[in-house]
**Student:** 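Take a look at this one; I'll ask things after.
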Amino acid sequence: MKQITRAGGARPGWWAVLRRAAVAEWGELFASVKDQVVRRKFAAVPLATAATALVLLFSVVQHLPGGDRLVADIGVVKAALPLDVSLLRTPLSLYVPALDLPVWGALAQVFLVFGVAEIVLGRRLTLVVAYVCTLAGTLFARIGVALGPHHAMGFPRWVAHVRDTGPSAAVVALAVVVALRCRAWWTGGAVVVSMAVEALLLPNLAGLEHLVAISAAALIAVWVEVFGDYWPRVLSGVGAAASVAAKGRTRAAVAP
C-alpha cells in the first residue's frame with residue numbers, strides 16, 4: 001500500500017516500512033537458517049534435537065514414581081549443595097525443566113533457540129555459551145546467599161534450598177549472542193529489556209540469574225568478535241611452520 005505525498009509522489013506504506021525493517025534486522029539470520037534447514041533438515045541441528053530430547057526425557061522421568069528422586073540426584077542444583085556437587089550436576093541441570101512450568105514451553109524454546117544458535121554460532125560455541133552462562137547463574141546464586149538479604153545483590157538463606165534448574169538462562173544467553181553476531185540490535189535489546197523488566201516486576205532468583213547470563217553472554221560475544229580468529233590463525237601458523245620444517249628435514253635427509 002502506498003500513500004500519495006503533496007508533491008504527487010508515492011511513499012511506501014507502513015507494511016513496506018515494516019518489511020524493510022524486518023529484512024534489515026533478521027534477513028541475514030533467516031537466510032542462514034533457511035538454507036541449512038532446507039538442505040539438511042534435522043541433520044542441521046543435531047545438538048538442538050538432542051537437547052530437546054533430554055528436556056523431554058527428564059520431564060517424563062521426574063513425573064514417574066521415584067523419578068523425581070533420581071533426577072534430583074543427578075541433575076538438580078541448589079546453592080545449599082557443596083560446590084563440587086553443584087559443578088558436577090550443572091551440565092545436566094540445564095535440561096531439567098521446572099516442575100511448575102509447562103514443559104512444552106521449554107521444549108519449544110530449546111529447539112528453536114538452540115537450533116538457530118547451532119547454525120549461526122556452530123555447535124562448539126553454542127555449548128560454551130549455554131554451559132558457561134548456566135554456570136554463571138549457578139555461582140551467582142551461591143554468592144547471593146553468602147552475601148545475605150541485607151546486601152543489594154544478596155538473598156535470604158531459604159533461597160539456598162530453591163531448586164535451580166532449567167534451560168532458560170542458556171536460552172536467553174544464546175539469543176543475545178546470536179543477535180549480536182547477526183547485528184540484530186533491536187532483537188538483542190528487546191531480550192535484554194524484557195529480562196530487566198522481569199527482574200524488576202518479579203524479583204526472584206531466576207530473574208536475576210537471567211541478567212547474569214546476559215552479562216556473561218555479552219562478554220563471550222565481545223571476546224569472540226575481538227579474538228575469535230586469533231587462536232585459529234596462531235595454530236594455522238604453527239602448523240605451517242611445522243610443515244615447512246618437516247619438508248626441510250626430509251630434503252636434508254635425502255640430500256647426498
Side-chain angles (χ1 to χ4, degrees), residues 51 55 58-59 62-63 68 71-72 75-83 85-110 112-114 117 128-180 184-222:
V55 173
F58 276 116
S59 176
Q62 69 184 359
H63 286 92
D68 186 41
V71 173
V76 170
V77 173
K78 298 177 182 179
L81 293 172
L83 179 60
V85 175
S86 292
L87 293 177
L88 286 173
R89 293 183 181 181
T90 295
L92 285 180
S93 73
L94 193 157
Y95 306 106
V96 179
L99 290 170
D100 57 340
L101 295 176
V103 69
W104 60 263
L107 294 173
Q109 289 179 3
V110 169
L112 176 62
V113 177
F114 270 67
V128 168
V129 172
Y131 283 126
V132 168
C133 294
T134 299
L135 180 60
T138 298
L139 295 177
F140 169 75
R142 302 179 70 89
I143 295 172
V145 171
L147 291 174
H150 302 295
H151 193 278
M153 302 298 290
F155 299 113
R157 296 295 178 186
W158 60 265
V159 174
H161 302 282
V162 172
R163 176 174 163 139
D164 186 14
T165 63
S168 59
V171 167
V172 170
L174 286 171
V176 169
V177 176
V178 169
L180 294 178
W185 307 117
W186 288 102
T187 302
V191 173
V192 174
V193 170
S194 63
M195 292 299 102
V197 170
E198 177 197 26
L200 288 174
L201 297 181
L202 300 172
N204 54 26
L205 177 60
L208 291 176
E209 282 190 350
H210 291 165
L211 295 182
V212 172
I214 288 173
S215 301
L219 291 175
I220 294 173
V222 171

**Student:** Which pairs would a plain distance check flag for residues 128-145, meaning a side-chain donor or acceptor within less than 3.5 Å of a matching protein atom at least two apart in sequence or in another chain?
**Tutor:**
residue	atom	partner	partner atom	Å
Tyr131	OH	Tyr95	OH	3.0
Thr134	OG1	Ala130	O	2.7
Thr138	OG1	Thr134	O	3.1
Arg142	NH1	Ala79	O	3.4
Arg142	NH1	Leu81	O	2.7
Arg142	NH1	Ser86	OG	3.2
Arg142	NH2	Leu81	O	2.9

**Student:** Ignoring hydrogens, what is the shortest heavy-atom contact between Lys78 and Ala160? Give both atom names and the distance.
**Tutor:**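 Lys78 and Ala160 have their closest heavy atoms at CB-O, 3.5 Å.
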
**Student:** Which atom names give the shortest non-hydrogen contact between Ala199 and Leu211, and what distance separates them?
**Tutor:**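 The pair with the smallest heavy-atom distance is CB-CD1, 3.7 Å.
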
**Student:** What's the spacing between Leu88 CG and Ser93 OG if we round to 0.5 Å?
**Tutor:**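 So the gap between those two atoms works out to 11.5 Å.
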
**Student:** Do any N or O atoms from the side chain of Arg89 and from the backbone of Val77 form a donor-acceptor pair under 3.5 angstrom?
**Tutor:**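 Not a single qualifying donor-acceptor pair exists.
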
**Student:** Would you please test Phe114 and Val171 for side-chain contact (heavy atoms from CB on, under 4.5 Å) and show each step?
**Tutor:** CA-CA 7 Å; Phe114 270 67; Val171 167; 4.3 Å; yes

**Student:** Could you name each residue pair satisfying side chain to side chain donor-acceptor pair (under 3.5 Å) that touches residues 191-204, not counting sequence neighbours?
**Tutor:**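 Output for this query lists Glu198-His210.
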
**Student:** Apply the test side-chain contact (heavy atoms from CB on, under 4.5 Å) to residues Phe58 and Thr165: give CA-CA distance (whole Å), side-chain angles for both, the deciding distance (0.1 Å), then the verdict.
**Tutor:** CA-CA 11 Å; Phe58 276 116; Thr165 63; over 6 Å; no

**Student:** What pair of heavy atoms forms the shortest contact from Ala72 to Val76, and how long is it?
**Tutor:**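 Looking at all heavy atoms of both residues, the shortest contact is CA-CG2, 3.4 Å.
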
**Student:** Give the minimum heavy-atom separation between Ser59 and Pro97, together with the two atoms involved.
**Tutor:**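 Minimum heavy-atom separation between Ser59 and Pro97: CB-CG, 3.8 Å.
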
**Student:** Which heavy atom of Ala117 sits nearest a heavy atom of Leu174, and at what distance?
**Tutor:**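 Shortest heavy-atom contact: CB-CD2, 4.0 Å.
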
**Student:** Before accepting this row, confirm whether a basic side-chain N of the pair Arg163/Asp68 lies closer than 4.0 Å to the acidic partner's carboxylate O.
**Tutor:**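 Judged by the 4.0 Å cut-off on N to carboxylate O distance, Arg163 and Asp68 do form a salt bridge.
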
**Student:** side-chain contact (heavy atoms from CB on, under 4.5 Å) for Trp185 and Leu180? Distances and angles first, verdict last.
**Tutor:** CA-CA 7 Å; Trp185 307 117; Leu180 294 178; 3.5 Å; yes

**Student:** Any idea which heavy atoms bring Gly75 and Val96 closest together, and the distance?
**Tutor:**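 Taking every non-hydrogen atom into account, O-CG2, 3.7 Å.
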
